[in-house]
Amino acid sequence: MSDRHFPLPGTINLRDFGGYDTRLGRPVRRRRLFRSGHMAELAQHGHDDFVALGIETICDLRRPEERDAEPTPVPEDLARRVEIEIDPGSAIAMRAALADADLHLEDRIRYMVDINRDLARDHADHYARMFEALLETEGGFLIHCAAGKDRTGFGCALILHTLGVDEQTILEDYLATNDYVDIEGQVLPRLRRWYGDRSLPDHETIMALAGVRPEYLRAALEVIEDEFEGMDAYLERTVGLDASAREALRARLLET
């Protein structure tokens, strides 16, 4: 999947999530669907390359305080902004989970599993707005949050399922975050600020929160299966994506 990754200076986990085969026999178009973490440090020489991607809409899933702390530097006349506040679990709890050096690896994993359950159970209305923005977009569409893995990962999974991509491929796209997050350059500096003089956790413990695991996305998918009668019913009845909307997305985002 390396050809999907755009390692532009100042971006995190920026990649194309098109190009996958679908059950409809038509692959997802390339360079139309993008995902990333925050872009607050997008350097000027990377900024021009970002604009060249042709992204028409930036769908930002962060809380207002996250956007204020790490604003997106792309001028609004170059890309429409759609801001959708998604807060799965409290920011205070997340910070505590990161900063508590005594918290066991299993506890951190359990915390992230619960966040992903929350995404499916409590935020369907937010993802409905994401689909509305996608339906209004003719060009490139970027969905992102802080690290581009949890809120963004679940949103991308919903989009890919709508387009007919199989669950195993969706999971592989989700797990690709672990290949593209720069632990040394992007994660550890933040952790050092939070931990201060205390010792950092081991790599596996750091990755439990800074990366993704199969059980995270599967937890969200299990909620959809157990509580919403499966993904198709979830998208139609809970997210509000009816048959005509699904067909409109496929007509626009699948190869002819």
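Residues take their numbers from the sequence shown, with the count starting at 1.
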Check against side-chain contact (heavy atoms from CB on, under 4.5 Å), L14 and L53:
CA-CA 11 Å; L14 173 61; L53 295 176; 4.2 Å; yes
Start with the C-alpha gap between R121 and E227, add the side-chain angles, then the distance that decides, and say whether salt bridge (charged side-chain N to carboxylate O under 4.0 Å, His left out) holds.
CA-CA 8 Å; R121 184 180 291 122; E227 301 181 21; 2.7 Å; yes
Where do M231 and E167 land on the side-chain contact (heavy atoms from CB on, under 4.5 Å) test, with the steps shown first?
CA-CA 11 Å; M231 181 65 84; E167 186 172 311; over 6 Å; no
For R151 and R63, run side-chain contact (heavy atoms from CB on, under 4.5 Å): C-alpha distance rounded to whole Å, both residues' side-chain angles, the deciding distance at 0.1 Å, then the answer.
CA-CA 11 Å; R151 291 168 285 188; R63 300 183 306 276; 4.0 Å; yes
Take R30 and D3 through the test salt bridge (charged side-chain N to carboxylate O under 4.0 Å, His left out) and record every step on the way to the result.
CA-CA 11 Å; R30 296 297 299 265; D3 63 328; 3.5 Å; yes
So E136 and R80, salt bridge (charged side-chain N to carboxylate O under 4.0 Å, His left out) or not? Walk me through it.
CA-CA 11 Å; E136 295 168 352; R80 177 176 69 117; 3.1 Å; yes
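Judged purely by distance below 3.5 Å, without hydrogens or angles, the side chains of N13 and S36 never pair a donor atom with an acceptor atom.
Closest approach of R213 to L175, counting heavy atoms only: C-CD2, 3.8 Å. Residue I109 comes nearest to A208 through the heavy atom pair CG1-CB, 4.1 Å, listed as atom of the first residue, atom of the second, then distance. R108 and T205 make their closest contact through NE-CG2, 3.1 Å (heavy atoms, listed as atom of the first residue, atom of the second, distance). Among all heavy-atom pairs drawn from Y216 and N116, the shortest one is O-CB, 3.1 Å. Here the closest heavy-atom approach between residue P27 and residue G19 is recorded as CB-O, 4.3 Å.
A salt bridge is absent between R31 and D16; no separation between the charged side-chain nitrogens and carboxylate oxygens falls under 4.0 Å. Taking the charged nitrogens against the carboxylate oxygens, R218 and E215 have no contact shorter than 4.0 Å, which rules out a salt bridge. Classification of R15 and D173 as a salt-bridged pair holds, one side-chain N sitting under 4.0 Å from a carboxylate O. Classification of E83 and R62 as a salt-bridged pair fails, no side-chain N sitting under 4.0 Å from a carboxylate O. Salt-bridge check for E85 with R129: failed, with every basic side-chain N at 4.0 Å or more from each acidic carboxylate O.
Considering CD of E247 and CG of L254, their distance stands at 9.0 Å, rounded to 0.5 Å. Note: L119 CG to D122 CG = 8.5 Å, rounded to the nearest 0.5 Å.
Proximity of V181 to K149: side-chain heavy atoms (C-beta onward) are nowhere separated by under 4.5 Å. L217 is not listed as a side-chain neighbour of V212, based on a closest heavy-atom distance of 4.5 Å or more. Proximity of D166 to R23: side-chain heavy atoms (C-beta onward) are nowhere separated by under 4.5 Å. With contacts defined as side-chain heavy-atom distances shorter than 4.5 Å, the pair T11/F6 does not qualify. With contacts defined as side-chain heavy-atom distances shorter than 4.5 Å, the pair L241/L158 does not qualify. Annotation: side chain of T72 is in contact with side chain of R81 (closest heavy-atom distance under 4.5 Å). The closest side-chain heavy-atom distance from H38 to E66 is not below 4.5 Å. For the pair F17/I143, a side-chain contact is recorded, criterion being any heavy-atom separation below 4.5 Å from C-beta on.
Applying the ring pair (Phe, Tyr, Trp, His ring centres under 6.0 Å) test to residues at least two apart or on different chains, none of the pairs has a partner in residues 49-84. Screening residues 151-173 for ring pair (Phe, Tyr, Trp, His ring centres under 6.0 Å) gives Y127-F154 as the qualifying pairs, with residues at least two apart or on separate chains. Judged as a ring pair (Phe, Tyr, Trp, His ring centres under 6.0 Å), the pairs with a partner in residues 233-256 (not counting sequence neighbours) are, in order, F228-Y234.
A donor-acceptor pair is defined here as one N or O able to donate and one able to accept, closer than 3.5 Å; such a pair exists between the side chain of R32 and the backbone of E138.
Cation-pi check for R4 over Y20 is met; the charged atom lies under 6.0 angstrom from the ring centroid and within 45 degrees of its normal.
Hydrophobic clustering, with ILVMFWY side chains joined whenever heavy atoms are under 4.5 angstrom apart, groups I224 together with L171.
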